[in-house]
Amino acid sequence: MGTVWTGSPASAADDGPQRVVGGTQATQGEFPFMVRLSMGCGGSLYSPTLVLTAAHCVSRTGNNTSITATLGVVDLNSSSKITRKSNYVYRAPGYNGSGKDWALIRLSSPITTLKTLPIAQSSTYDTGTFTIAGWGAAREGGSQQRYMLKATVPFVNDTTCNSSSMYDGDIIPAEEICAGYTEGGVDTCQGDSGGPMFRRDANNAWIQVGIVSWGEGCARPNKPGVYTQVSYFAPAIASAAASLGG
Ligand code: 4AZ
């Protein structure tokens, strides 16, 4: 995942090589619900047979046996990885490239050995510090990762995220939630799309609040990551899941 450059962003006084440090490696079993998809996206295990991802990671609603999901490992080359083929894709109705960036992928058979990631049902958890994770690029323009990386990023409110110094009105406040540091340095990046942004709930359990959607570059100052606001779509996601058999 992006994650990315840490330490301090290069300053005008810093003319040395830019120090780029990836997030840190997730440990095996730390985020059991994380999914890597063969088109180069992330996802989360919503139920034993359904993976929640981004609409922009899939092409259309309908039968689809072309996607391979890899689960249960931080190392994508591990011989203990679990894989499943897709059999159906459900893309958010009305998706046209702006907002509504969610989709469900149904797996050919259930995964019964991994924990699922519940989605936020209200805006209660749409604030605070969030965890991001994935196998996407560790810097803007960088390569995809073999080992899952993780990081934490702070919530950025819609007013700030839509201000002229940030996205200048391009955020859809009800549908999108921003997270990142004003100074940049930590972020999701290419290949993390579709993966979850999550935090702890009142019972200390992980709960998904976002889906990696877009951003201008990766980890740039004043360009936080933009995530699908899962709580807003929770009823639509639940009814789509029910229509897909759970
Ligand atoms: C991408 O292209 C992408 N910095 C994902 C996340 C972000 C930017 C781009 C956010 O998949």
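First listed ligand is number 1; within each ligand, the first listed atom is number 1.
Within the 3.5 Å criterion, the main-chain N or O of Ser143 finds a donor-acceptor partner in the side chain of Gln145. In this structure, the side chain of Arg91 does not engage the main chain of Asp101 through any donor-acceptor pair within 3.5 Å. Side chain of Glu175 to main chain of Lys100: a donor-acceptor pair is present (N/O by atom type, distance under 3.5 Å, no hydrogens or angles). Although no hydrogens or angles enter the test, the distance criterion places no donor-acceptor pair under 3.5 Å between the side chain of Gln229 and the main chain of Ser231. Looking only at distances, a side-chain donor or acceptor of Lys81 sits under 3.5 Å from a matching main-chain atom of Leu76.
The shortest N or O to N or O distance between His56 and ligand 1 is not below 3.5 Å. An N or O contact shorter than 3.5 Å is missing between Asp192 and ligand 1 by distance. Checked against a 3.5 angstrom limit, the closest N/O atoms of Gly217 and ligand 1 fall inside it. Annotation: Ser213 places no N or O atom under 3.5 Å from an N or O atom of ligand 1; distance criterion only.
Between Trp102 and Phe233, the two ring planes are tilted [angle within 30° to 60°].
Of the protein's heavy atoms, Thr188 O, 3.4 Å lies nearest to atom 10 (C) of ligand 1. Nearest protein neighbour of atom 5 (C) of ligand 1, counting heavy atoms only, is Cys189 O, 3.4 Å. Of all protein heavy atoms, the one lying nearest to atom 11 (O) of ligand 1 is Ser193 OG, 2.6 Å. In terms of protein heavy-atom proximity, atom 2 (O) of ligand 1 is nearest to Gln190 CG, 3.5 Å.
Only side-chain heavy atoms of Val212 come within less than 4.0 Å of ligand 1; its backbone N, CA, C and O stay farther off.
For ligand 1, the atoms closer than 4.0 angstrom to any heavy atom of Gly191 are 11 (O). Atoms of ligand 1 lying under 4.0 Å from any heavy atom of Asp187, numbered from 1 in the order shown and given with element: 4 (N), 10 (C).
Between Tyr167 and Trp214, a ring centre-to-centre spacing shorter than 6.0 Å is recorded. The six-membered or imidazole ring of Phe198 lies near that of Phe31, with a centre-to-centre distance under 6.0 Å.
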